[in-house]
Amino acid sequence: MTPDEVYSLATESNTYWSTYGRYAPDTWTSPADMETSAGMVSVQVDTGISFTDELIDLYRTLEANGFDIYIISASPYDLIHAASDQFGYGVPADHIFAMRCCLDENGRYTNEYNYDWGGEGMYAQTQGPGKSQIITNFIAPKYDGQGPVMVCGDSAGDMNMMTGWMESGDTQLGVIFNRYRNPASDPLTWQASAEAAEQMGQADSRFVLQGRDENNGQLRPFETTILQGKTEEVLVRPAA
């Protein structure tokens, strides 16, 4: 597919799933009469996606106070670009850094990562430490080498860039979208979440938690989260 075709497909998908009206696990199974080497396969997916007004408000408020907004995502670039345009986030295309594949001579994507996007072979995979490398190579040089003031994330893939500039004092705050992470499978996010919980209400907290309700796809005005299919609030999972 071409980038424009992926962008269009992403827009259609966003429209469908954001109006789906149901946030719950579903099991999708391949048709029984489809002959494949693997036979019938099943996968569980969580239905529905949400683009919240609170994030749009945050972006506009930061911009009004002189901050530049960047998105660094482990998803394909065209998907993030489409969502930003479609739902009012308005992040400039050159402020979005995400996974990019190479293009063939016909302008269609190939199954090969484009480490040379932007030239000089500096475009790391936008995952984990690669996100920090993107900041170092493409963003910090615009600001005399300074790192981000605030970083938002929700999992281990974001923790490297969230903490990488804290010791230097550049990053003042890490905002963790509270997914009630497991200390066994995601110790980095869990540790930062536990620190945020211990420092709730303190003006100098390094980390804060942003709660969400997984049953309706909305953020909550609390640090606690309501997990899918549940009604009780949870803060941080107990240590293993």
Side-chain angles (χ1 to χ4, degrees), residues 52 54-75 77 80-81 83-84 89-99 118 122-183 185-212 219-225 235-237:
T52 62
E54 290 90 343
L55 284 181
I56 298 175
D57 291 342
L58 174 63
Y59 284 14
R60 299 293 88 82
T61 300
L62 289 171
E63 290 172 339
N65 285 275
F67 292 95
D68 294 331
I69 309 298
Y70 290 85
I71 295 176
I72 306 178
S73 173
S75 294
Y77 172 84
I80 304 302
H81 186 198
S84 175
Y89 292 103
V91 177
D94 62 354
H95 282 210
I96 298 173
F97 294 87
M99 303 287 273
M122 298 170 59
Y123 199 79
Q125 291 192 34
T126 50
Q127 302 166 297
K131 292 187 176 185
S132 293
Q133 199 63 48
I134 290 292
I135 294 174
T136 298
N137 292 344
F138 292 93
I139 302 176
K142 300 179 181 179
Y143 305 92
D144 297 324
Q146 292 187 350
V149 174
M150 180 176 73
V151 177
C152 301
D154 65 3
S155 64
D158 302 311
M159 295 310 297
N160 190 277
M161 69 172 177
M162 187 177 290
T163 60
W165 284 268
M166 279 188 168
E167 288 190 9
S168 67
D170 291 352
T171 301
Q172 300 293 312
L173 183 65
V175 180
I176 303 170
F177 288 79
N178 191 357
R179 294 172 60 198
Y180 200 54
R181 302 303 285 175
N182 190 322
S185 59
D186 189 356
L188 295 178
T189 310
W190 177 85
Q191 185 175 5
S193 299
E195 180 177 330
E198 292 175 357
Q199 298 179 348
M200 283 170 53
Q202 297 182 19
D204 59 348
S205 299
R206 295 196 308 166
F207 303 103
V208 295
L209 288 166
Q210 169 60 62
R212 57 188 210 164
L219 300 179
R220 309 183 71 237
F222 311 103
E223 292 86 353
T224 52
T225 279
L235 185 60
V236 177
R237 196 181 295 268

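For reference, positions follow the sequence shown, starting with 1.
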Task: Straight-line distance of Y89 OH to L58 CG, nearest 0.5 Å - done: 10.5 Å
Task: Smallest separation among heavy atoms of H81 and A93, with atom names - done: NE2-CB, 3.8 Å
TODO: Could you grab the distance from atom CG of L62 to atom CG of D57, nearest 0.5 Å is fine?
DONE: 11.0 Å
Open item on the list: Which residues pass the salt bridge (Lys or Arg N to Asp or Glu O under 4.0 Å) test with E63, not counting sequence neighbours?
Closed with: R60
Task: Partners meeting ring pair (Phe, Tyr, Trp, His ring centres under 6.0 Å) with Y180 (sequence neighbours left out) - done: none
- [ ] List for me each residue that meets salt bridge (Lys or Arg N to Asp or Glu O under 4.0 Å) alongside E195, sequence neighbours excluded, and say none if there are none.
- [x] R206
TODO: Say whether, by atom type as modelled, one donor and one acceptor occur between the side chain of D186 and the main chain of A156 under 3.5 angstrom.
DONE: yes
TODO: Check whether any side-chain heavy atom of P183 lies under 4.5 Å from a side-chain heavy atom of R237, and answer yes or no.
DONE: yes
Task: Point-to-point distance, once rounded to the nearest 0.5 Å, from OG1 of T163 to CG of D158 - done: 10.5 Å
- [ ] Look up atom OG1 in T52 and atom CG in L219, then write down how far apart they are to the nearest 0.5 Å.
- [x] 4.0 Å
- [ ] Looking only at non-hydrogen atoms, find the nearest pair between A98 and S75 and report the distance.
- [x] CB-O, 3.1 Å
- [ ] For Q125, check side-chain hydrogen bond (donor to acceptor under 3.5 Å, both in side chains) against everything at least two apart and list the hits.
- [x] Y115
Task: side-chain hydrogen bond (donor to acceptor under 3.5 Å, both in side chains) partners of Q133, counting only residues at least two apart - done: N137
Open item on the list: Between T126 (side chain only) and S73 (backbone N and O only), is there a donor and an acceptor less than 3.5 Å apart?
Closed with: yes
Task: Donor-acceptor under 3.5 Å (E167 side chain, G164 main chain) - done: no
TODO: Begin with the C-alpha distance, continue with both residues' side-chain angles, and end with the deciding distance and a verdict on side chain to side chain contact (heavy atoms under 4.5 Å, CB included) for T189 and F177.
DONE: CA-CA 10 Å; T189 310; F177 288 79; over 6 Å; no
TODO: Using the six-membered ring wherever Trp is involved, compare the ring planes of F138 and Y123 and label them parallel, tilted or perpendicular (cut-offs 30° and 60°).
DONE: perpendicular
- [ ] Could you point out which residue of M161, M159, M162 forms a side chain to side chain contact (heavy atoms under 4.5 Å, CB included) with S132?
- [x] M161
Task: Residues L209, V236; criterion side chain to side chain contact (heavy atoms under 4.5 Å, CB included); working and verdict - done: CA-CA 10 Å; L209 288 166; V236 177; 4.0 Å; yes
Task: Check against side chain to side chain contact (heavy atoms under 4.5 Å, CB included), K131 and N160 - done: CA-CA 8 Å; K131 292 187 176 185; N160 190 277; over 6 Å; no
Open item on the list: Can you confirm whether Q191 is buried at CD, in the sense that more than 12 heavy atoms of other residues, nucleotides or ligands lie under 6.0 Å from that atom?
Closed with: no
- [ ] Indicate yes or no for a side-chain donor-acceptor contact from H95 to the backbone of I69 under 3.5 Å, with no hydrogens or angles considered.
- [x] yes
Task: I139 and I72, any side-chain heavy atoms less than 4.5 Å apart - done: yes
Open item on the list: Which heavy atom of D68 sits nearest to which heavy atom of Y143, and what is that distance?
Closed with: OD2-OH, 2.5 Å
Taking distance alone, no hydrogens or angles, what donor-acceptor pairs closer than 3.5 Å link side-chain atoms of residues 144-155 to residues at least two apart or in another chain?
none

Open item on the list: Distance check, rounded to the nearest 0.5 Å: I176 atom CD1 versus L188 atom CG?
Closed with: 10.5 Å
Open item on the list: Nearest 0.5 Å, please: how far is CD in E198 from CZ in F207?
Closed with: 12.0 Å
Task: Nearest heavy-atom neighbours spanning P187 and S185 - done: CD-C, 3.6 Å
- [ ] Decide side chain to side chain contact (heavy atoms under 4.5 Å, CB included) for Y70 and V91; before the verdict, give the C-alpha distance in whole Å, the side-chain angles of both, and the deciding distance to 0.1 Å.
- [x] CA-CA 7 Å; Y70 290 85; V91 177; over 6 Å; no
Open item on the list: Using modelled atom types and a 3.5 Å cut-off, is there a donor and acceptor pairing between side-chain atoms of N178 and backbone atoms of L235?
Closed with: yes
